[in-house]
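The structure appears right after this line, and notes come after that.
By convention in this document, chain letters (A, B, ...) are assigned in the order of the sequence lines, proteins followed by strands, and residues within each chain are numbered from 1.
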Protein chains: 2
Amino acid sequence: MSLPHILLGLLEEPASGYDIKCEFEQSLSFFWSAALAQIYPALKKLEKDGLVTSWQEPSEKGPARTVYQQTEKGREAFRDWLEEGPQLNTERRAYLAQAYFLAQSRAPDEPRSFYEQLRDDFRARANRLTALEDVWRDDHGPAFPDNLTGQALYEHMTFDLGQRVFRLYVDWAEDCLARIDGAEKD
Amino acid sequence: MSLPHILLGLLEEPASGYDIKCEFEQSLSFFWSAALAQIYPALKKLEKDGLVTSWQEPSEKGPARTVYQQTEKGREAFRDWLEEGPQLNTERRAYLAQAYFLAQSRAPDEPRSFYEQLRDDFRARANRLTALEDVWRDDHGPAFPDNLTGQALYEHMTFDLGQRVFRLYVDWAEDCLARIDGAEKD
DNA sequence: TCGACCATGTAAGATGTTACATGATTGC
DNA sequence: GCAATCATGTAACATCTTACATGGTCGA
């Protein structure tokens with residue numbers, strides 16, 4: 001029940017399905033992922049329900065863009081969702097389920113290579129978020145991030161969490177690798 | 001595509017649908033949640049595919065228990081899943097999407113109460129995991145957690161991550177509350 | 001006797017994934 | 001000419017959620 005709400009939130013500003021896909025990949029993937037094949041039908045349904053409107057715009061390359069934006073009704077529906085309070089218990093991280101069961105693997109080397117992959121991926125994501133933050137810093141001057149307000153403040157707080165979490169994951173993966181090596185010695 | 005695999009992993013030991021629901025609530029909810037209405041059909045499908053077998057057992061209270069366990073074929077399918085490497089990009093945390101868009105809320109007090117709820121919930125979960133760990137410690141003696149091997153080692157590493165993450169979330173939520181208060185003063 | 005817990009499920013509808021299908025533009 | 005990127009979708013299938021349905025045991 002959340003993707004339509006997330007789309008609605010993004011459509012405070014006009015955007016096409018393709019634009020939204022890029023936003024997911026670039027910045028939202030830390031807490032949500034969605035593919036084009038899910039985004040297009042969801043936008044159509046929002047439009048059918050009167051929560052967004054759309055129009056065509058020419059594109060520089062490729063076919064015409066269908067651009068969507070919140071309607072007043074959509075804005076209210078979105079705010080209702082925010083005011084429901086935090087939607088907890090939506091955790092879904094398959095890699096942690098795998099980590100939990102790693103003792104059942106056949107290949108004796110699997111746990112090590114698994115955690116190495118985790119560590120490398122998390123490190124790359126932490127760096128990607130840090131790079132995104134550097135771009136922001138350039139736009140906002142030396143008082144960044146203390147001078148942020150409104151939308152930018154809340155976006156930054158979420159990004160900040162992403163960086164903290166990914167760094168924690170990297171440290172954890174390294175500690176796990178050390179423990180695996182330690183347990184093998186016994 | 002992950003719930004069937006998680007069920008298979010749990011069914012290294014015999015368990016009923018109800019037992020599995022309890023395991024999700026107790027210890028797996030940190031990284032995955034599943035309801036009974038999802039578990040029962042999933043178990044039936046695994047049985048139809050020959051990945052688990054089932055038998056009836058009398059229950060002390062209530063109706064007979066249908067107990068399931070991995071077959072050899074199920075065990076192999078599970079190991080294949082482990083060896084696919086970490087399934088990344090399965091993140092789905094609705095509350096972070098809400099946090100990202102909090103500037104769009106109507107009620108000026110919404111961000112504060114939202115982050116307070118997050119902080120309190122995370123603190124409760126961190127404490128719950130710590131309590132679970134204390135039970136383990138009693139079972140494993142003073143060398144815990146360094147004396148863990150096999151399944152228990154990997155379970156503990158995942159629990160350890162849960163505790164670290166929840167503590168980080170609590171600190172983050174408190175920092176966010178301070179930032180919200182700071183931004184309101186301006 | 002009432003609520004909490006044990007224990008099973010089904011049905012309908014919403015949501016998400018995978019594979020397929022199309023076609024223009026830009027840079028190498 | 002080929003791959004990447006821009007840009008749109010549909011169809012079939014798998015998965016998940018919400019609501020409904022049933023009934024026994026235990027303790028307050």
Subject >> Candidate nucleotides dA7(C), dT10(C), dG9(D), ranked by approach to the side chain of P63(B) - the nearest >> reply: dA7(C)

Original post:
Do Y169(B) and L168(A) belong to the same hydrophobic cluster, where Ile, Leu, Val, Met, Phe, Trp and Tyr are linked whenever their side-chain heavy atoms lie under 4.5 Å apart, directly or via other members?
Top reply: yes

**OP:** Have a look at F159(A) and tell me which of F30(A), Y154(A), W136(A) forms a ring pair (Phe, Tyr, Trp, His ring centres under 6.0 Å) with it.
**Re:** W136(A)

Polar pairs (N or O, both sides) under 3.5 Å between protein and nucleotides 12-18 of chain D?
unit_1	atom_1	unit_2	atom_2	d
dC16(D)	OP2	Q38(B)	NE2	2.3
dC16(D)	O5'	Q38(B)	NE2	2.8
dT17(D)	OP2	Q38(B)	OE1	3.2

Original post:
In whole angstroms, how far is the P atom of dG9(C) from the CD1 atom of I20(B)?
Top reply: 12 Å

Original post:
At under 4.0 Å between heavy atoms, what does A64(A) touch on the DNA or RNA strands: base, sugar-phosphate, or nothing?
Top reply: sugar-phosphate

Subject >> Residue P41(B), side-chain heavy atoms: nucleotide from dA7(C), dA7(D), dT10(C) that is nearest >> reply: dT10(C)

Original post:
What nucleotide, of dT8(D), dT8(C), dC6(D), holds the atom closest to the side chain of K61(A)?
Top reply: dC6(D)

Original post:
Are R106(A) and E83(B) within salt-bridge range, i.e. N to O under 4.0 Å?
Top reply: yes

Original post:
Is L148(A) linked to L129(A) within one hydrophobic cluster, defined over Ile, Leu, Val, Met, Phe, Trp and Tyr using a side-chain heavy-atom separation of less than 4.5 Å?
Top reply: yes

**OP:** Compute whether any side-chain donor of one residue and acceptor of the other, for H5(B) and Q98(A), lie under 3.5 angstrom apart.
**Re:** no

**OP:** In whole angstrom, give the distance that lies between atom CG of L36(B) and atom P of dC5(C).
**Re:** 14 Å

Original post:
Taking OH from Y40(B) and P from dA19(D), how many angstroms apart are they, rounded to a whole number?
Top reply: 19 Å

Original post:
Nearest-Å distance, CD (E60(B)) to C1' (dG23(D))?
Top reply: 18 Å

**OP:** Output the single nucleotide from dA7(C), dT25(C), dA7(D) whose closest atom is nearest the side chain of R65(A).
**Re:** dA7(D)

Original post:
C22(B) or Y68(B): which one's nearest nucleotide on DNA chain C is closer to the 5' end?
Top reply: C22(B)

Subject >> Cation-aromatic face contact K21(A)/F24(A), 6.0 Å, 45 degrees >> reply: no

**OP:** Give the rounded distance in Å between these two atoms: CD of E57(B) and C1' of dC6(C).
**Re:** 15 Å

Subject >> Distance, rounded to the nearest Å, where L43(B) contributes CG and dG9(C) contributes C1' >> reply: 12 Å

Original post:
Starting at CD of Q56(B) and ending at P of dT8(C), how long is that distance when rounded to a whole Å?
Top reply: 9 Å

Subject >> Side-chain donor-acceptor pair present, E57(B), W55(B), cut-off under 3.5 Å >> reply: yes

**OP:** Look at the side-chain N and O atoms of S59(A) and state whether any lies under 4.0 Å from the OP1 or OP2 oxygen of dA7(D).
**Re:** yes

Subject >> Gap between atoms CD and P, on E25(B) and dA4(C) respectively (whole Å) >> reply: 15 Å

